[in-house]
Amino acid sequence: MINDEESILQDYSRLVNELVDARREMSRLNDALRQKEEFLTNILQIAPSIIYAADLEKEKLIFINRDLPSELGFPQGDYQEKCGIPFALVDSEDRSALEQLYQNPSINEIQEVHFRLKTASGQERWYRLRQKMMEHPSSSISGIVIGSIEEIHALKLVEASLKSESRRDFLTGLLNRRGFLETAEERIKRSFGAGLILFIDIDHFKAINDRYGHDTGDEVLKAFAKILIGSMRSDDIAARWGGDEFIAMLSVAGPQSLESVCSRILANVDSFNAQSLRDWKLGISIGHAVLGQYGVNDFAGLIAAADSRMYQSRRDKRLDSGK
């Protein structure tokens, strides 16, 4: 009987010791967990991006490292969206991509979208959102989205500047061929297929270049570019096609549009020659084409037709093929 009691006491003592050890280990683990949480919190607080987590099932944010309204610069009362971004303040062109991102999240795949957001001051700023959906620990239907929001306005300005430079002719400042094709094709799409092209060539350019040198040749090109842009209307598109060839798309296809612009170009060329004290005179040949007329049914055909009529103009003036 005594041995049994001693055995029970020993078992009880062992269990007490194990419980004490377990509590000490739990306390140690809790301290370690708190240290890791504090460490992570400090990292998130100094992170350059806004970092958040949203529970799609409950439709609410469960974590965010900063005060989103003040960070994005919009009133607190406008902050109501489950994703953390007020769609009403997102640019209309970017809104659908952002909504689709949240309606169709991909599990364990990082998704990215760029969007413009209007701040409380009325300014638009570019942001990059990256997110990833993790499986919900207690639900097989929806999950938890973790994401980051970073302002990239300066980056977008640099990209736009580089893109603009790549579309410009460095000598004349007009659009280059690439810039013209991109801009004019988009214009035709928006105008439901309406288009009128002018193709312009400088007469005797090779002779001027050979006689007076390349610097004078550059002067001729810059002089005509200035005349061309000065003869266009605000909605017209002017560009240097290449060499001594220029191209323009007029905003309204029709006889009055064509005649008025061509008349201004020729009148401005005459005015330039009358006021110029240079040894050379500026002359041009113009061809035009209208989309939908004389079998011209596409953009490439429109340019080819205008180019062909420009060369016909040169032949009518009996200019040599060497320019």
Side-chain angles (χ1 to χ4, degrees), residues 91-97 114-116 124 126 152-153 155-202 218 220-266 268-269 284-311:
D91 189 279
S92 58
E93 294 183 4
D94 307 326
R95 198 174 301 162
S96 60
H114 298 180
F115 64 94
R116 286 158 291 180
E124 271 195 347
W126 275 100
I152 55 169
H153 195 73
L155 177 62
K156 285 292 184 179
L157 292 179
V158 171
E159 288 180 356
S161 177
L162 292 175
K163 182 177 180 180
S164 177
E165 290 178 7
S166 71
R167 291 155 51 101
R168 291 281 170 185
D169 174 57
F170 75 96
L171 180 65
T172 64
L174 298 178
L175 290 173
N176 57 23
R177 182 182 298 204
R178 173 187 173 185
F180 175 81
L181 290 174
E182 292 177 354
T183 307
E185 284 186 299
E186 182 62 30
R187 171 72 60 81
I188 287 180
K189 291 177 183 178
R190 293 202 310 266
S191 59
F192 303 102
L196 192 156
I197 291 288
L198 298 182
F199 211 99
I200 307 166
D201 182 88
I202 296 177
D218 289 347
V220 173
L221 295 173
K222 289 189 286 187
F224 179 68
K226 186 176 180 180
I227 289 173
L228 180 60
I229 198 66
S231 304
M232 298 286 102
R233 299 158 302 177
S234 60
D235 290 337
D236 296 331
I237 304 170
R240 182 184 176 194
W241 188 249
D244 62 335
E245 294 178 333
F246 294 78
I247 194 169
M249 168 170 274
L250 305 188
S251 56
V252 178
Q256 292 182 345
S257 172
L258 171 64
E259 292 172 3
S260 62
V261 172
C262 287
S263 295
R264 280 197 299 275
I265 295 173
L266 294 172
N268 288 335
V269 168
I284 60 171
S285 299
I286 304 177
H288 75 277
V290 179
L291 194 64
Q293 290 187 4
Y294 307 110
V296 179
N297 298 316
D298 56 41
F299 186 53
L302 181 66
I303 294 175
D307 186 25
S308 177
R309 287 173 187 150
M310 180 274 293
Y311 275 102

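The figures here come from the full heavy-atom set of this structure, side chains too, leaving out hydrogens, waters and symmetry mates.
Applying the side chain to side chain contact (heavy atoms under 4.5 Å, CB included) rule to Lys222 yields the partners Leu171; only residues at least two apart in sequence or on another chain are considered. Looking at residues two or more places apart in sequence or on another chain, you find no salt bridge (Lys or Arg N to Asp or Glu O under 4.0 Å) involving Asp307. Applying the side-chain hydrogen bond (donor to acceptor under 3.5 Å, both in side chains) criterion to Ser231, with sequence neighbours excluded, gives Asn268. Phe246 meets the ring pair (Phe, Tyr, Trp, His ring centres under 6.0 Å) test with Phe224; sequence neighbours excluded. Residues satisfying the side chain to side chain contact (heavy atoms under 4.5 Å, CB included) test with Ala289, not counting sequence neighbours, are Leu302, Ala305, Ala306, Arg309. A search for salt bridge (Lys or Arg N to Asp or Glu O under 4.0 Å) contacts involving Arg178 returns Glu182, not counting sequence neighbours. Residues forming a salt bridge (Lys or Arg N to Asp or Glu O under 4.0 Å) with Lys156 (at least two apart in sequence, or on another chain): Glu159. Residues forming a side chain to side chain contact (heavy atoms under 4.5 Å, CB included) with Arg177 (at least two apart in sequence, or on another chain): Leu181, Trp241. Qualifying salt bridge (Lys or Arg N to Asp or Glu O under 4.0 Å) partners for Arg168, counting only residues two or more places apart in sequence or in other chains: none. Partners of Ser308 by side-chain hydrogen bond (donor to acceptor under 3.5 Å, both in side chains), not counting sequence neighbours: none found.
Atom CD1 of residue Ile237 and atom CD of residue Glu186 lie 10.0 Å apart, to the nearest 0.5 angstrom. Put simply, CG on Leu228 and OG1 on Thr172 are 9.0 Å apart, with the number rounded to the nearest 0.5 Å. Residue Ile200 holds its CD1 atom at 11.0 Å from CD of Glu245, rounded to the nearest 0.5 Å. Atom CG of residue Leu174 and atom CD1 of residue Ile229 lie 5.5 Å apart, to the nearest 0.5 angstrom.
Using a distance-only test at 3.5 Å, with no hydrogens or angles considered, a donor-acceptor pair links the side chain of Arg187 to the main chain of Asp235. Of the possible donor and acceptor atoms, none in the side chain of Asp94 sits under 3.5 Å from a partner among the backbone N and O of His114.
A side-chain N or O of Arg167 and one of Thr183 form a donor-acceptor pair less than 3.5 Å apart.
Residues Val261 and Met232 are in side-chain contact: their nearest non-hydrogen atoms beyond the backbone lie under 4.5 Å apart. By the 4.5 Å heavy-atom criterion applied to side chains, Leu266 and Ile284 are counted as neighbours.
Residues Leu258 and Leu250 come closest through the heavy atom pair CA-CD1, 3.9 Å. For the residue pair Ala184 and Phe299, the shortest heavy atom distance occurs at CB-CZ, 3.6 Å.
Test Leu196, Leu198, Ile197, Asp236 against Met249 for side-chain contact (heavy atoms from CB on, under 4.5 Å) and you get one pass: Ile197.
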